[in-house]
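First up is the structure itself, then whatever we jot down about it.
Computed from heavy atoms alone, side chains included, the values below leave out hydrogens, waters and symmetry copies. Each chain gets a letter, A, B and so on, in the order the sequences are listed, and its residues count up from 1. Predicted model, so just to flag it, every value in this text is computed and none were measured.
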Number of protein chains: 2
Amino acid sequence: MSGNSRLTTAVHALCWLELAHRRGRPTLTSAQIADSLASHPVLIRRTLAPLRDRGLLDIAGRGPGAGWRLARPAAELSLADVHSALAEPAPFDLHPHEPKQTCPVGYGIRPVLAHIYAEVEAEITAALARRTIADVLDTTLAEHPLPQ
Amino acid sequence: MSGNSRLTTAVHALCWLELAHRRGRPTLTSAQIADSLASHPVLIRRTLAPLRDRGLLDIAGRGPGAGWRLARPAAELSLADVHSALAEPAPFDLHPHEPKQTCPVGYGIRPVLAHIYAEVEAEITAALARRTIADVLDTTLAEHPLPQ
DNA sequence: GAAAGAGTAACCATAATAGTTACACCCTCT
DNA sequence: AGAGGGTGTAACTATTATGGTTACTCTTTC
């Protein structure tokens, strides 16, 4: 239990919602989404909450019959949108403590590294922006269809 | 204490070694490196050990007078080399458990996501490959020189 | 009033990281 | 031979993130 699978969880959930939508099912409950992920409804609600707050998803109704649904067409929902909404941690951190300020390297290296790390983040975002939820779902269904 | 600052630690150490080299100091001990980072010699040895094993660094001598030194010119040492030697964790993981195999999404989504995540990794590597230790040191000294 | 749904707080287990101590081992120097 | 300066590494601690789980509140439909 070390890594970070929230992007996976969110993308899986959104693809599943889109597939349900295509099949004429407008919404899914968090229990139904959790079933596909072999996870738990509370985890789904926790993971999807920031997407709801950012307007990627919404809840249709309340009480019995309520459920999650995409707030935008799946073809207009990129993985970068999901990544950004999740506020994923950056892959690289600067020093845990301030380095020695009387050393030329310790004094000046932090903004240099921060700039490089920002570039890396931009590349990650750009790579994720190339794929939409619709792309992922279409590729999944086309390249790895259920047997029989 | 959540993130991962090992790339920062390693790049800082390598820059400091290169600066020492330019000043006519062929090696630095882990205690001297730790001093610049406001860290501890054991952490330095732990972080630098995989770089030594991968041939980016070596130890000159043993016993008194021993110390770390770059095994290659700093201009031929990219941050991607460092990142790779450190075996940094990927930013995104797949599902913590196998998703439901009777769901079309659960059945087929993992290789699709794995492919996208591999692309992201490649972009990270490419961005880091654009900078060498010499670049980082030169930029640090030029853009953020010690006052007076 | 019962039941289904989301929203959330609280707690547990696990793992990674940084920090730290302790000690074994190797070598140089006196 | 012994002292001391180095690395190598195991072991332990504290902190934090993550996933998992339970338990509860609130709202709405039936």
Side-chain angles (χ1 to χ4, degrees), chain A residues 1-10 12-13 17 20 25-35 37-53 57-69 71 86-99, chain B residues 1-10 12-13 17 20 25-35 37-53 57-69 71 86-99:
Chain A
M1 203 181 309
S2 71
N4 180 350
S5 63
R6 264 169 309 192
L7 184 62
T8 293
T9 298
H12 184 140
L17 279 168
R25 232 166 190 258
T27 68
L28 292 176
T29 67
S30 36
Q32 290 167 329
I33 298 172
D35 187 49
L37 278 148
S39 182
H40 294 264
V42 173
L43 280 186
I44 300 301
R45 292 200 282 261
R46 274 212 295 244
T47 304
L48 263 33
L51 309 195
R52 175 201 59 205
D53 295 342
L57 284 170
D58 60 11
I59 310 283
R62 274 194 208 153
W68 299 81
R69 115 194 119 179
L86 288 173
E88 294 274 51
F92 309 123
D93 285 359
L94 292 180
H95 307 70
H97 301 307
E98 175 176 87
Chain B
M1 204 180 311
S2 72
N4 179 350
S5 63
R6 265 170 308 194
L7 184 63
T8 293
T9 298
H12 184 140
L17 279 168
R25 228 160 194 260
T27 68
L28 292 175
T29 67
S30 39
Q32 290 167 328
I33 298 171
D35 186 49
L37 277 148
S39 182
H40 295 264
V42 173
L43 280 187
I44 300 301
R45 291 199 285 261
R46 273 210 298 244
T47 304
L48 263 34
L51 309 194
R52 174 201 59 207
D53 296 341
L57 283 172
D58 59 10
I59 309 283
R62 276 200 202 147
W68 299 80
R69 111 194 122 179
L86 288 172
E88 294 273 52
F92 308 122
D93 284 359
L94 292 179
H95 306 71
H97 301 308
E98 176 177 85

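- Scanning residues 42-52 of chain A for heavy-atom distances under 4.0 Å to DNA chain C yields A/Val42, A/Arg45, A/Arg46, A/Arg52.
- Remark: B/Asp35 pairs with A/Lys100 by the side chain to side chain donor-acceptor pair (under 3.5 Å) rule, at least two apart or across chains.
- Using a 4.0 Å cut-off, no side-chain N or O of B/Thr29 falls inside it from OP1 or OP2 of D/dG6.
- Counting to the nearest Å, the C1' atom of D/dT18 and the CZ atom of A/Arg6 are 7 Å from each other.
- The interatomic distance linking B/Ile33 (CD1) with D/dT7 (C1') rounds to 12 Å, in whole Å.
- A salt bridge is defined here as a Lys NZ or Arg NE, NH1 or NH2 lying under 4.0 Å from an Asp or Glu carboxylate O, and B/Asp58 with B/Arg52 fails to meet this definition.
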Margin query: Across nucleotides 25-30 of chain D, 5' to 3', mark each nucleotide with B, S or - according to how protein heavy atoms within less than 4.0 Å reach it.
Written below: --BBB-
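- Only A/Pro96, A/His97, listed by number, bring a heavy atom of residues 86-99 of chain A to less than 4.0 angstrom from any atom of DNA chain C.
- B/Ile33 has its side chain within reach of B/Trp68: a pair of non-hydrogen atoms, C-beta onward, lies under 4.5 Å apart.
- For the pair A/Asn4 CG and C/dT17 P, the interatomic distance rounds to 13 Å; values are reported in whole Å.
- When the side-chain contact (heavy atoms from CB on, under 4.5 Å) test is applied to A/Asn4, the partners found at least two apart in sequence or on another chain are A/Arg6, A/Glu88, A/Pro89.
- Atom CG in B/Leu28 sits roughly 15 Å away from atom C1' in D/dT7 (whole-Å rounding).
- Two residues, A/Gly3 and A/Ala66, neighbour DNA chain C, and the one matched to the more 5' nucleotide by heavy-atom proximity is A/Ala66.
- In terms of heavy atoms, A/Ala10 sits closest to A/Leu86 at CB-CD1, 4.1 Å.
- Remark: C1' of D/dG19 and CG of A/Leu37 are 13 Å apart, rounded to the nearest angstrom.
- The distance from atom CG of A/Leu7 to atom P of D/dT18 is 13 Å, rounded to the nearest whole Å.
- Note that CG of B/Leu57 and CG of B/Leu51 are 5.5 Å apart. Values are rounded to the nearest 0.5 Å.
- Taking 4.5 Å as the limit, some side-chain heavy atom of B/Gln32 sits within range of a side-chain heavy atom of B/Arg25.
- A heavy-atom distance below 4.5 Å is not found between the side chains of A/Ser39 and B/His97.
- To the nearest 0.5 Å, atom OG1 of residue A/Thr8 and atom NE2 of residue B/His95 are 6.0 Å apart.
- Atom-to-atom, CZ of B/Arg69 to C1' of D/dT7 comes out at 15 Å; the value is rounded to the nearest Å.
- Closest heavy-atom contact between B/Ala34 and B/Pro41: CB-N, 3.6 Å.
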Give the table of side-chain donor-acceptor pairs shorter than 3.5 Å for residues 42-50 of chain A, with sequence neighbours excluded, one pair per line with atom names and distance.
residue, atom, partner, partner atom, Å
A/Arg45, NH1, A/Ser30, OG, 3.0
A/Thr47, OG1, A/Leu43, O, 2.8

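- As rounded to whole Å, 11 Å separates atom C1' of C/dG5 from atom CH2 of A/Trp68.
- Applying the 4.0 Å criterion to OP1 and OP2 of C/dA18, one finds that B/Ser5 has a side-chain N or O inside that range.
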